[in-house]
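If you're wondering where the values come from, they're calculated on a predicted model, not measured in any experiment. The figures that follow rest on heavy atoms only: side chains count, while hydrogens, waters and symmetry mates do not.
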Amino acid sequence: MGKNISKEKMAEYRQASKNHFDEKEIKHMYKLFHKAAPGGKMGKVEFKKYIEDLALFKKVDQNEHFDQLFRGYDRNKDGTIYFTEYLQYHLGIVFSTEELFDIVFSMYDVDGNGYITREELTEVVTNSTRWMGDSDVESKDVQELVNAEVEKIISFVDANRDGQISKEELANAAKKHPELLEKLKNLA
């Protein structure tokens, strides 16, 4: 795919972004996406390079694959990110639209079974803490802080007290407390 976007495709992309992004913004994102994925689709290898090239994170292990972020982008869970999914991710993250719920849930639901476990929460928060590079995630103090944050989230959202968070539980908690999705987004 070249750098030019047909009128039809632009209309499709505008619709996918619910007209939150203008043509200039879409063209910019299209260029960034296709720089990382010249073939028009991004697998995990291209995604890793894309994230590394953005240089958002201070501390990244060379074996890191950014799986939790990939899950957030890969809306149809087929192991590939297409430009429309890329747009929808940014729509949810930037504008906190209803897409944000699915993005956040996907980022935390490591095994894709429809539940977020204590272990999955811990893994995602630990990864994000490591990427920010300000803390040694192996230290006892940081692990205690991560575990305390995970326990707060579980106790707040896990309505049936089974030790995991279902989509329904997260949706109900987010309806009552919309700031919850923002917090989870920032922790991921």
Report yes or no: is the cationic atom of K41 (NZ for Lys, CZ for Arg) closer than 6.0 Å to the six-membered ring centre of Y82, at no more than 45° off its axis?
no

Are side-chain heavy atoms of D109 and D111 found at a separation under 4.5 Å?
yes

Under the side chain to side chain contact (heavy atoms under 4.5 Å, CB included) test against Y89, which residue among D102, T84, L69, D74 passes?
L69

Just by distance, do the side chain of N147 and the backbone of E151 share a donor-acceptor pair under 3.5 Å?
no

Derivation of the side chain to side chain donor-acceptor pair (under 3.5 Å) call for S128 and Q68:
CA-CA 9 Å; S128 296; Q68 69 201 48; 3.1 Å; yes

Who pairs with E182 by salt bridge (Lys or Arg N to Asp or Glu O under 4.0 Å), at least two apart in sequence or on another chain?
K185

Is there a salt bridge (charged side-chain N to carboxylate O under 4.0 Å, His left out) between E85 and K77? Walk through the geometry before answering.
CA-CA 10 Å; E85 292 173 305; K77 298 175 180 33; over 6 Å; no

Would one find more than 12 heavy atoms of other residues, nucleotides or ligands at under 6.0 Å from atom NZ of K7?
no

Indicate yes or no: at least one non-hydrogen side-chain atom of Y73 is less than 4.5 angstrom from one of H90.
yes

Thinking salt bridges, do D67 and K44 make one under a 4.0 Å N-O criterion?
yes

What is the minimum heavy-atom distance between T80 and F70, and which atoms define it?
N-CZ, 4.1 Å

With a 4.5 Å cut-off on side-chain heavy atoms, are I103 and Y108 touching?
no

Do D141 and D136 have side chains that approach each other closer than 4.5 Å (heavy atoms only, starting at C-beta)?
no

Does a side-chain N-to-carboxylate-O contact under 4.0 Å join E52 and K48?
yes

In this structure, is the centre-to-centre distance between the rings of F95 and F21 below 6.0 Å?
yes

In this structure, are over 12 heavy atoms from other groups packed under 6.0 Å from K49 atom NZ?
no

For R71 and S106, indicate whether the former's side chain and the latter's backbone hold a donor-acceptor pair under 3.5 Å.
yes

Restricting to non-hydrogen atoms, name the atom on I154 and the atom on G163 that form the minimum distance, rounded to 0.1 Å.
CD1-O, 4.0 Å

So, Q164 versus D158: side-chain donor-acceptor pair below 3.5 Å or not?
no

Any idea which heavy atoms bring L91 and H20 closest together, and the distance?
CD1-CD2, 3.2 Å

R75/E99 ion pair, N-O < 4.0 Å
no

Under a 4.5 Å cut-off applied to non-hydrogen side-chain atoms, are F33 and I81 in contact?
yes

Where is the tightest heavy-atom contact between L87 and M29, given as atom of each residue plus distance?
CD2-CE, 3.6 Å

Heavy atoms only: give me the nearest M107-A188 pair and the separation to one decimal.
CE-CB, 3.1 Å

Ionic contact status for K152 with E149, cut-off 4.0 Å
yes

Smallest separation among heavy atoms of M42 and A36, with atom names
CE-CB, 3.9 Å

In Å and rounded to the nearest 0.5 Å, what is the CD to OG1 distance from E120 to T117?
3.5 Å

Can you tell me if Y13 and Y86 form a side-chain donor-acceptor pair at under 3.5 Å?
no

Strictly by ring pair (Phe, Tyr, Trp, His ring centres under 6.0 Å), give each pair with a member in residues 148-180 just once, sequence neighbours left out.
F156-H177

Would you indicate whether Y115, at its atom OH, is surrounded by more than 12 heavy atoms from other residues, nucleotides or ligands within a distance under 6.0 Å?
no

Side chain proximity check, L121 to I165, heavy atoms < 4.5 angstrom
yes

